[in-house]
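Working notes, beginning with the structure itself.
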Amino acid sequence: MTDPTHSPPPQKAIVTLSDSDLGSGPTALRWQLRGLVMDGVSLVVVDVSELDQISSTVLAALLDTHRVCRRRGGGVVIRHASRRMSDVLRRTGLDRVFEVEAA
C-alpha cells in the first residue's frame with residue numbers, strides 16, 4: 001500500500017538557452033519544452049547564463065511550461081540570470097512566478 005502523504009520527487013530537466021539556439025526562433029524552444037512536459041517532467045531548470053537578454057516570446061513559453069509544471073507540484077527555475085535579466089524579471093513581477101537564481 002502506498003502512503004498518499006509521500007509523493008515521488010519531481011522529474012527534473014535542465015535546459016540551457018543561448019542566443020544561437022534561439023536564432024532559429026522561439027518555436028523550437030516551445031516544442032522542446034512541450035516535449036519535456038509530455039514526458040512527465042515537472043521541474044524545468046532553465047540556464048540563461050549564455051543569453052544577453054530574454055524576449056517576451058521566451059518568457060511566454062516559460063510561463064506556459066510553468067503552468068503545467070505547477071499542477072504537478074513543480075515549476076520553472078531560471079538559473080544564472082544576469083543582473084539585467086533579474087531586474088527585468090523583478091520589474092515585471094515574474095520573479096514571484098519563477099524561482100530566479102542570480103549569476
Side-chain angles (χ1 to χ4, degrees):
M1 179 149 83
T2 60
D3 185 355
T5 60
H6 290 85
S7 58
Q11 289 189 13
K12 178 179 173 182
I14 299 174
V15 177
T16 302
L17 298 181
S18 69
D19 289 324
S20 61
D21 293 336
L22 297 176
S24 60
T27 304
L29 173 62
R30 279 191 182 275
W31 281 109
Q32 179 184 10
L33 294 172
R34 185 168 292 158
L36 292 172
V37 169
M38 295 296 286
D39 287 343
V41 170
S42 59
L43 178 62
V44 178
V45 178
V46 182
D47 184 335
V48 295
S49 60
E50 297 180 26
L51 279 184
D52 292 327
Q53 58 186 346
I54 194 161
S55 70
S56 60
T57 52
V58 169
L59 286 172
L62 294 177
L63 280 167
D64 288 342
T65 302
H66 181 73
R67 282 186 203 105
V68 175
C69 290
R70 285 300 293 168
R71 281 182 256 163
R72 297 179 180 169
V76 171
V77 176
I78 298 178
R79 181 173 285 168
H80 302 297
S82 67
R83 182 180 193 130
R84 180 179 177 194
M85 193 178 300
S86 294
D87 288 343
V88 168
L89 294 170
R90 187 176 25 77
R91 279 187 270 129
T92 58
L94 291 173
D95 64 329
R96 288 176 272 155
V97 175
F98 302 119
E99 180 179 337
V100 179
E101 298 175 357

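Note that the structure is a prediction, hence the values are computed from the model and not measured.
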**Message:** Could you work out, with side-chain contact (heavy atoms from CB on, under 4.5 Å) as the rule, every residue matching Val68, not counting sequence neighbours?
**Reply:** Val37, Arg71, Arg72

**Prompt:** Can you tell if the side chain of Val15 reaches within under 4.5 Å of the side chain of Gln32, non-hydrogen atoms only?
**Reply:** yes

**Message:** Nearest 0.5 Å, please: how far is OG1 in Thr27 from CG in Leu29?
**Reply:** 9.0 Å

Review item, side-chain donor-acceptor pairs of residues 58-66, under 3.5 Å, at least two apart:
residue, atom, partner, partner atom, Å
Asp64, OD1, Arg67, NH1, 2.7
Asp64, OD2, Arg30, NH1, 2.7
Thr65, OG1, Ala61, O, 3.0
His66, ND1, Val76, N, 3.2
His66, NE2, Val97, O, 3.3

**Prompt:** Which pair of heavy atoms, one from Val48 and one from Ala81, lies closest together, and at what distance?
**Reply:** CG2-CA, 3.7 Å

**Asked** Which pair of non-hydrogen atoms, one from Thr92 and one from Leu89, has the smallest distance, and what is that distance?
**Response** OG1-O, 3.1 Å

**Asked** Is any side-chain heavy atom of Gln11 closer than 4.5 Å to a side-chain heavy atom of Leu43?
**Response** no

**Asked** Got Val46 and Val77 here, is their nearest side-chain heavy-atom distance under 4.5 Å?
**Response** no

**Separation between CG of Leu17 and CD1 of Ile78, rounded to the nearest 0.5 Å** = 9.0 Å

**Prompt:** Looking at CZ of Arg90 and CZ of Arg83, how far apart are the two atoms once the value is rounded to the nearest 0.5 Å?
**Reply:** 8.5 Å

**Asked** What are the two closest heavy atoms between Gly75 and Arg70, and how far apart are they?
**Response** CA-CD, 4.2 Å

**Request:** With sequence neighbours left out, write down each residue that passes salt bridge (Lys or Arg N to Asp or Glu O under 4.0 Å) with Glu101, or none if nothing qualifies.
**Result:** Arg79

**Prompt:** Do Lys12 and Val41 have side-chain heavy atoms sitting under 4.5 Å apart?
**Reply:** no

**Message:** Among residues at least two apart in sequence or on other chains, which ones pass side chain to side chain donor-acceptor pair (under 3.5 Å) with Ser49?
**Reply:** Asp47

**Request:** Please step through side-chain contact (heavy atoms from CB on, under 4.5 Å) for the pair Gln53 and Met85, ending with a clear verdict.
**Result:** CA-CA 6 Å; Gln53 58 186 346; Met85 193 178 300; 5.8 Å; no

**Prompt:** Who are the side-chain contact (heavy atoms from CB on, under 4.5 Å) partners of Arg91, not counting sequence neighbours?
**Reply:** Asp87, Val88

**Verdict with reasoning, Asp19 to Glu50, per side-chain contact (heavy atoms from CB on, under 4.5 Å)** = CA-CA 7 Å; Asp19 289 324; Glu50 297 180 26; over 6 Å; no

**Message:** Does anything in residues 37-60 form a ring pair (Phe, Tyr, Trp, His ring centres under 6.0 Å)? List the pairs, not counting sequence neighbours.
**Reply:** none

**Prompt:** Which value, rounded to the nearest 0.5 Å, describes the distance between Cys69 atom SG and Leu33 atom CG?
**Reply:** 8.5 Å

**Message:** Just so I know, are the side chains of Ser86 and Asp95 near enough to count as touching, which here means a heavy-atom distance under 4.5 Å?
**Reply:** no

